[in-house]
Every structure is written in structure tokens, then in C-alpha cells.
Amino acid sequence: MKTGLVIGAGPAGLMAAEELAGAGLKVIVCDAMPSVGRKFLMAGKSGLNLTMDVDQQAFMAAFPEMPATLRVALDGFGPEQVKVWAQGLGQHLFTGSSGRVFPTAMKASPLLRAWLQRLAGAGVTFRQRWRWTGWDGASASFDTPEGRQVVGFDVTVMAMGGASWARLGSNGAWAAQFAGQTAPFQPANVGFVVPWSDHMTRHFGSAVKGCALSAGGQTLRGEFVVSARGIEGGGVYAVSAAMRDGADLVLDLFPDLTIQDIELRLSRPRGKASLANHLRKALRLEGVRAALVNEFGRPFPQDLAGLLKALPVPQIGPRPLDEAISTAGGIRFDALDGNLMLRDRSGVFCAGEMLDWEAPTGGYLITACLATGRHAGRAAAKYT
């Protein structure tokens, strides 16, 4: 019987293992952590957003860049296929108002438990606390509780994750074994550091809603949270790649109003009201949104309407790499062939966040990890 080794027990690795086992290979999955799917389970704490309920073209358009091999993988396993796959594991799904698809259970553990049972039924076995340390000729070397182990297989799929959330197993240490084949890791879907004045302290934890965020020519509606460390949340994550690369962040606090609309409202008689009260009454500008205007807009310009439509938010850089939801960087696609096999090591394939791609939150990350795991697993099975 042909044998398959999978290194990494996240969504990409488990999907590769399922493809290999389905093709009749004897499969072992090795993972450095004491239990499998730790980052997957963490994603479940916010409901486990599996994918988006959008057509394939719209789904693809959300990726900042679309390498040809990633496109092929997603063409074979996109949003519709993810939903069918999850339902096949006994999960009832629902679509939220934003189009995000979740299991009704709103957690990852029931899906992961059903998946592991199915893998066990297909003969897949697991080795925990097996940390890959490199190659010994054509074989893979591991540090294990029993000491160093060197194992050889007909094919190998590597799915060891990116470089964020090290405590869950993804620390990017594997990249040292791939000199000349990787792009540097960078934080993706990450918050940014803002040096607040003391006046903002009482607003820490407040959500900023009903605004549009612009950075690097990209403008998106969204919301974010003001924290002691800076700004974070879905709206910021959506433009974090541009901000990371040096683009300024600008807020439109009234995306449904034109400058002329705002000017008209501000032109109403103010009487003895303070400017703060006038803004509150004329525009309902209060709370954390008003605080942001005071933090970044003073001294107020003559064109106050223009400021409210384009409020600059100075920041001094992203939060540390390990705090990012995901990472850009990793194995470059030019180091792989169209089947995700390493060009310099036949029979070894790569998948998931090990690869140099990035995607926004909203199910895009999990879908692409599943898709590349499936693509690599299928290709590895055919290679045997």
C-alpha cells in the first residue's frame, strides 16, 4: 500500500489527509501540538465563519491577489462546495445578514469531532507532539516525546500554517528550512497601534459603526473597535494590507451624506449651543465618533464638513505578527508547480497558510485553506 504523510493538522492538512486516504493511501498526520485543529477551534469561538454566500466571481474578487494555482484550487472547492462538505459532516448552516456562512452550533468542535471520526474511519492515524525539524535525505525528521524519529513516505503534504498565534501551533519556524523559497511573513487582518491621548481612555472598547474606511485606493463600509492598543476589528482588517504597506487611513464618518448635505445641516442656526452640541443635534455626532473627531481633527478647519467626510487617523504600525489573525508571506508560488509540489523536492506538496497568499476575514481564509489542502492532497495521491 502506498503511504502518505501529512505534516500539520489544521484544516488544510486534514483536507489533504482525507483526499489521500480516499485514494487508498495509508495516511499518518503529524502535528507539533498535543491536539489537532487548535487554530480552527479558536476560530470557532467567534462562530466559525466557514465561507461566504456569494457567487464564485464575487468570492474570488475579495482576494488582493489571485495566484493561478490558488484560483484553480478555489475553482475546484469554493463557497458552494464548502457548504456541501460541512453539511456532509452533519452540520446545519445558516447565512448571516452580511452573507457570512456559519454552522448553526456557532462553534467548531462539533464539525471537527465529526471530521476526525470520518478520518479515523478512513484509516488515518495521528501522531501528536511530533515537531518537524527538516529533512534527512528523502525522509522527514521529527522531534517527538520518544526522541528523534525519521520517517519516509511515498508522498508528503506540508500544511504547517503561517506565523501568527504561535501558542496554537503556527509560529513559522519551518521557514528556516526553505531558504530562497519563501516571501517574508507579514501580518494580515491585524490591528494597528494608535498613540491615544488620555481623553480617549473612556472610549476604549467602544465600537465605531456606520463609517467607511479608505486606504490605498480601497474604500469599504465597516466597523471597528477603539482599544487601549489602537484600532482593530473587521473594518480595519479589510484595509490592513494597504495600511501595512504604508497607506494612510481615512474615515468617512457619514458615508450616506454628501459634503453638501453635511454643510446644509451645519448651517442651521446654532444659537448659544456649543460646537459639540451643535454637531450632536445637527448630525447626531456623539460618543466615540465625536471623540475621534476631537482626537484627530483639532484645530478644526473652516471646512468642517470636509473633515467629517475624510478624517485622517494617524497610526504607527501594525500590532505584532503573532497577534495577526493571519499572515502574508510563506512558500512562494514560483517555488511550486501547478499541483503545489515543491520544484526542488519531488513528492512533497504544500498547502494552507504555508503558502504566500492572503485574504480578508469572512470565511475566505478557511475556504482557501480547505481548497489548497484538497488540491495538494489530490495531486499527491495522483503522483503516487
Side-chain angles (χ1 to χ4, degrees), residues 5-18 27-51 82 85-86 89 91 102-103 105-120 124-133 140 142-145 157-175 185 187-190 237 319-331 350-355 357-359 361-374 376-377:
L5 170 67
V6 176
I7 307 175
L14 296 181
M15 184 63 82
E18 188 153 38
V27 181
I28 294 178
V29 179
C30 299
D31 194 270
M33 303 303 286
S35 57
V36 307
R38 290 197 165 197
K39 195 172 181 182
F40 188 66
L41 289 170
M42 176 63 76
K45 290 193 173 183
S46 58
L48 191 65
N49 181 192
L50 286 169
T51 194
V82 170
W85 166 79
L89 288 168
Q91 304 306 298
F102 299 87
M106 288 296 286
K107 55 186 178 180
S109 52
L111 187 154
L112 181 59
R113 188 162 49 246
W115 197 3
L116 293 176
Q117 288 174 350
R118 191 163 78 183
L119 288 168
V124 176
T125 57
F126 290 83
R127 300 286 186 271
Q128 303 306 132
R129 296 187 175 91
W130 277 46
R131 184 178 300 279
W132 181 75
T133 57
F142 294 87
D143 279 342
T144 81
V157 177
M158 310 187 80
M160 292 184 285
S164 63
W165 292 82
R167 67 185 179 87
L168 301 180
S170 298
N171 59 18
W174 55 262
F185 288 117
N189 298 302
V190 68
Y237 301 157
R319 295 293 304 165
L321 182 67
D322 191 52
E323 294 181 17
I325 291 176
S326 59
T327 52
I331 301 288
C350 299
E353 280 198 76
M354 278 189 74
L355 307 177
W357 58 274
E358 61 181 306
T361 57
Y364 300 95
L365 291 163
I366 289 179
T367 297
C369 284
L370 293 170
T372 55
R374 173 182 178 272

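Put simply, the side chain of N49 does not reach to within 4.5 Å of the side chain of Y364, judged on heavy atoms. The shortest side-chain heavy-atom distance between P103 and M106 does not fall under the 4.5 Å cut-off. Between V29 and V124, some side-chain heavy-atom pair lies under the 4.5 Å cut-off. Taking 4.5 Å as the limit, some side-chain heavy atom of M15 sits within range of a side-chain heavy atom of W85. Residues I7 and F142 form a side-chain contact, since some pair of their non-hydrogen atoms from C-beta on lies under 4.5 Å apart.
Using a cut-off of 4.0 Å between Lys/Arg side-chain N and Asp/Glu carboxylate O, R374 and E18 are scored as not salt-bridged.
With sequence neighbours excluded, the residues satisfying side-chain hydrogen bond (donor to acceptor under 3.5 Å, both in side chains) with N189 are S326.
Atom CZ of R319 sits in a crowded spot, with more than 12 heavy atoms from other residues, nucleotides or ligands closer than 6.0 Å.
Taking the six-membered ring for Trp and the full ring otherwise, F40 and W165 have centroids separated by 6.0 Å or more.
Side-chain atoms of K107 do not come within 3.5 Å of backbone N or O of A43 as any donor-acceptor pair. Side chain of W357 to main chain of G352: a donor-acceptor pair is present (N/O by atom type, distance under 3.5 Å, no hydrogens or angles).
For T327 and S164, the side-chain atoms include no donor-acceptor pair closer than 3.5 Å.
The two residues V36 and L112 have their closest heavy-atom pair at O-CD2, 4.0 Å.
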